[in-house]
Amino acid sequence: MSPPAPQARALDGDRSPSAGASPLAQLTLTRFREFLREPEAVFWTFVFPLLLASGLGLAFRSRPVEVVKVGIRSSAP
């Protein structure tokens with residue numbers, strides 16, 4: 001009995017959409033899926049910066065620009 005053809009083996013084995021993708025694409029997809037499985041990482045990466053920016057935007061929205069007065073003193077007689 002001869003081994004199955006390479007094309008038949010690829011069709012029977014892995015049925016994921018990225019089966020024909022490059023190794024870099026597969027690695028990137030795997031890393032992205034691992035990242036999404038960690039709720040803390042998703043929160044600190046996407047949600048927290050939006051909350052912080054919104055909170056600081058609300059806190060400092062009505063402050064007028066400060067005018068700084070500077071006095072210059074010369075030492076010439």
Side-chain angles (χ1 to χ4, degrees):
M1 181 180 240
S2 65
Q7 190 177 32
R9 231 181 302 145
L11 291 176
D12 289 340
D14 188 14
R15 295 199 184 270
S16 67
S18 64
S22 71
L24 180 61
Q26 289 178 355
L27 180 63
T28 303
L29 183 61
T30 302
R31 294 284 182 153
F32 184 69
R33 286 178 179 160
E34 287 177 0
F35 174 75
L36 289 180
R37 288 184 185 138
E38 306 257 351
E40 303 90 16
V42 174
F43 172 78
W44 289 109
T45 303
F46 297 113
V47 179
F48 180 73
L50 291 174
L51 290 175
L52 185 66
S54 300
L56 290 174
L58 288 172
F60 297 107
R61 67 178 170 191
S62 63
R63 287 187 117 173
V65 178
E66 254 183 64
V67 178
V68 180
K69 296 183 180 181
V70 178
I72 299 175
R73 182 176 178 185
S74 68
S75 60

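What you are looking at is a predicted structure, and each value in this text was computed from that prediction instead of being measured. We number each residue from 1, following the sequence as shown.
By the criterion of side-chain heavy atoms lying less than 4.5 angstrom apart, applied directly or through intervening Ile, Leu, Val, Met, Phe, Trp or Tyr residues, L36 is grouped together with F46 in one hydrophobic cluster. Note: the hydrophobic cluster containing L56 also contains F43 (ILVMFWY, side chain heavy atoms under 4.5 Å, direct or indirect links). F32 and V42 fall within the same hydrophobic cluster, where Ile, Leu, Val, Met, Phe, Trp and Tyr residues are linked whenever their side-chain heavy atoms come under 4.5 Å apart, directly or through other members.
Shown here are the ring pair (Phe, Tyr, Trp, His ring centres under 6.0 Å) partners of F48, two or more places apart in sequence or in another chain: W44.
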